[in-house]
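First comes the structure, then the notes that go with it.
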Amino acid sequence: MATTKVIAIDGPSGVGKSTVAKALAKRLNWTYLDTGATYRAVTLAWLEAGRETSLPTQGAWLRQLAVDFQAGDILLQGRVVNDAIRSAEVTANASFISAQAAVRTFLTDLQRRIAGERPCVLDGRDIGTVVFPKAFLKVFLTADDAVRAERRWRQVGAEQADESLDEILKALKERDRKDSTRELAPLKPAEDAWRLATDNLSQAEVIDAIETEARRRLSDEA
Ligand code: DC
């Protein structure tokens with residue numbers, strides 16, 4: 001039986017998952033869970049702990065990390081880290097951290113626990129394949145590399161004016177390569193994912209399309 005009350009939204013970097021997932025959660029009055037933020041929070045903790053390579057393999061180190069969401073903020077050890085987890089340094093190191101088995105086990109458990117308590121829209125890379133393979137709706141968003149790089153550039157352009165569009169495109173491709181070729185929970189669509197190519201769609205059109213599909217499936221289940 002499908003798991004009700006979980007919508008999985010997966011896809012590569014810069015495809016617009018988080019904006020779409022957040023808006024969709026708001027429309028449905030469900031909780032939005034940004035799983036990328038949890039990987040970023042562990043990455044931040046690791047950088048702050050001095051980048052010791054064995055740390056992310058240690059369950060004991062991971063279990064003492066309090067990663068939590070409260071009122072839309074991401075907390076690490078009780079501290080709001082919304083901005084700190086978006087730094088270029090965290091972004092550059094997140095693929096290394098998210099390829100570690102112990103990290104994935106720790107964060108998959110955390111994500112299942114949070115989403116087990118309330119209806120959730122989750123976005124990430126492995127939500128439909130690993131975290132909630134029985135979610136009642138598993139969306140896989142795609143867009144051409146150049147389209148995604150431009151979206152990201154517009155999104156961060158103001159704060160990171162030192163990064164050109166070309167550099168963003170290069171970094172984004174490299175991150176996708178690492179995320180989709182790693183051994184554990186690689187970025188890929190679930191076999192029964194509902195795929196949506198977003199190249200020629202506005203954000204509002206993407207949200208509308210997923211909402212319509214979600215409501216259709218919810219009413220079928222009722
Ligand atoms: O979506 P994002 O850019 O915030 O993700 C940060 C990193 O975490 C990225 O390298 C992919 C990884 N990630 C993952 O491996 N699994 C997820 N469910 C979400 C993100």
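Throughout, residue positions are numbered sequentially from 1 according to the sequence presented.
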Practice task
Treat each ILVMFWY residue as a node, draw an edge where side-chain heavy atoms are under 4.5 Å apart, and state whether Val81 and Leu47 are in one component.
Solution key: yes
Practice task
Decide yes or no for Leu165 and Leu169: does some side-chain heavy atom of the first lie under 4.5 Å from some side-chain heavy atom of the second?
Solution key: no
Practice task
Grab the two heavy atoms, one from Leu55 and one from Trp46, that are nearest each other, plus how far apart they are.
Solution key: CB-CD1, 4.1 Å
Practice task
Check for a donor-acceptor pair, side chain of Lys17 on one end and backbone N or O of Pro12 on the other, with a separation under 3.5 Å.
Solution key: yes
Practice task
State whether the side chain of Asp126 and the backbone N or O of Ala185 hold a donor-acceptor pair below 3.5 Å, judged by distance alone.
Solution key: no
Practice task
Give the C-alpha distance, both sets of side-chain angles, the deciding distance and a yes or no for salt bridge (Lys or Arg N to Asp or Glu O under 4.0 Å) between Asp220 and Arg217.
Solution key: CA-CA 5 Å; Asp220 280 356; Arg217 293 190 189 199; over 6 Å; no
Practice task
Would you check if the side chain of Glu167 reaches a backbone N or O of Ser164 as a donor-acceptor pair within less than 3.5 Å?
Solution key: yes
Exercise for the section: Check for a donor-acceptor pair, side chain of Arg151 on one end and backbone N or O of Val15 on the other, with a separation under 3.5 Å. Expected result: yes
Exercise for the section: For residues Thr142 and Asp199, report the shortest heavy-atom separation together with the two atoms involved. Expected result: O-OD1, 4.1 Å
Handout entry: Check: Arg27 and Ile210 side chains under 4.5 Å, non-hydrogen atoms
Key = no
Problem - Check: Asp10 side chain, Gly128 main-chain N or O, donor-acceptor pair, under 3.5 Å - result: yes
Handout entry: From CZ (Arg125) to CD1 (Ile9), nearest 0.5 Å
Key = 13.0 Å
Handout entry: Flag if over 12 foreign heavy atoms under 6.0 Å of CG, Asn29
Key = no
Problem - Arg104 side chain to Tyr39 side chain, donor-acceptor N/O pair below 3.5 angstrom - result: yes
Exercise for the section: Begin from the C-alpha positions of Lys26 and Glu211 and carry the test salt bridge (Lys or Arg N to Asp or Glu O under 4.0 Å) through to its verdict. Expected result: CA-CA 11 Å; Lys26 199 168 173 196; Glu211 184 186 6; over 6 Å; no
Exercise for the section: Would you check if there is a donor-acceptor pair between the side chains of Arg40 and Thr91 at a distance under 3.5 Å? Expected result: yes
Practice task
Would you please name every residue forming a side-chain contact (heavy atoms from CB on, under 4.5 Å) with Lys178, sequence neighbours left out?
Solution key: Ser95, Glu174
Practice task
Mark yes or no for whether Lys138, through its side chain, and Thr129, through its backbone, hold a donor-acceptor pair below 3.5 Å.
Solution key: no
Exercise for the section: Flag yes if Leu75 and Ile114 sit in one hydrophobic cluster, no otherwise; membership is Ile, Leu, Val, Met, Phe, Trp, Tyr, and two members link when side-chain heavy atoms are under 4.5 Å apart. Expected result: no
Practice task
Rounded to the nearest 0.5 Å, what's the gap from CG on Leu44 to OG on Ser87? Could you check?
Solution key: 7.0 Å
Exercise for the section: Could you tell me the separation between the OG1 atom of Thr181 and the CG atom of Leu187, rounded to the nearest 0.5 Å? Expected result: 10.0 Å
Handout entry: Minimum heavy-atom distance Ile97-Pro56, with the two atoms named
Key = CD1-CG, 3.8 Å
May I have the list of side-chain donor-acceptor pairs in residues 63-70 shorter than 3.5 Å, sequence neighbours left out?
unit_1	atom_1	unit_2	atom_2	d
Gln64	OE1	Gln77	NE2	3.4
Gln64	NE2	Trp61	O	2.7

Handout entry: Pair listing, salt bridge (charged side-chain N to carboxylate O under 4.0 Å, His left out) test, anchored in residues 106-121, at least two apart
Key = none
Problem - Hydrophobic cluster membership, Ile85 vs Phe96, 4.5 Å side-chain cutoff - result: yes
Problem - Same apolar cluster: Phe132 and Tyr32, side chain cutoff 4.5 Å - result: no
Practice task
Without swapping roles, check the side chain of Thr57 against the backbone of Ser54 for a donor-acceptor pair under 3.5 Å.
Solution key: yes
Fill in the blank from the handout: In terms of heavy-atom contacts, Val6 and Ala135 come closest through O-CB, 3.4 Å
Practice task
Check the pair Arg148 / Asp176 against salt bridge (Lys or Arg N to Asp or Glu O under 4.0 Å), numbers first and verdict last.
Solution key: CA-CA 11 Å; Arg148 292 187 290 120; Asp176 284 351; 2.8 Å; yes
Practice task
Check whether any side-chain N or O of Thr35 sits under 3.5 Å from a backbone N or O of Asp123 as a donor-acceptor pair, and report yes or no.
Solution key: yes
Problem - Heavy-atom check, side chain of Lys173 versus side chain of Arg177, under 4.5 Å - result: no
Exercise for the section: State, to 0.1 Å, how close Asp145 and Leu172 come at their nearest heavy-atom pair, and which atoms those are. Expected result: O-CD2, 4.3 Å
Handout entry: Flag side-chain contact, heavy atom, 4.5 Å: Ile74 against Val80
Key = no
Exercise for the section: Find out if a path of hydrophobic residues (ILVMFWY) with successive side-chain heavy-atom gaps under 4.5 Å connects Val147 to Ile207. Expected result: no
Exercise for the section: Would you check if the side chain of Ser180 reaches a backbone N or O of Pro186 as a donor-acceptor pair within less than 3.5 Å? Expected result: no
Practice task
Using modelled atom types only, decide if a donor and an acceptor are shared between the side chain of Arg195 and the backbone of Phe140 within a distance under 3.5 Å.
Solution key: no
Handout entry: Spatial distance of atom OG1 (Thr108) from atom CZ (Phe106) [nearest 0.5 Å]
Key = 10.5 Å
Completion exercise
Between Asp179 and Ser98 the two heavy atoms that sit nearest each other are OD1-OG, 4.3 Å
Problem - salt bridge (Lys or Arg N to Asp or Glu O under 4.0 Å) evaluation trace for Glu213 with Arg216 - result: CA-CA 5 Å; Glu213 183 62 18; Arg216 190 183 67 73; 2.8 Å; yes
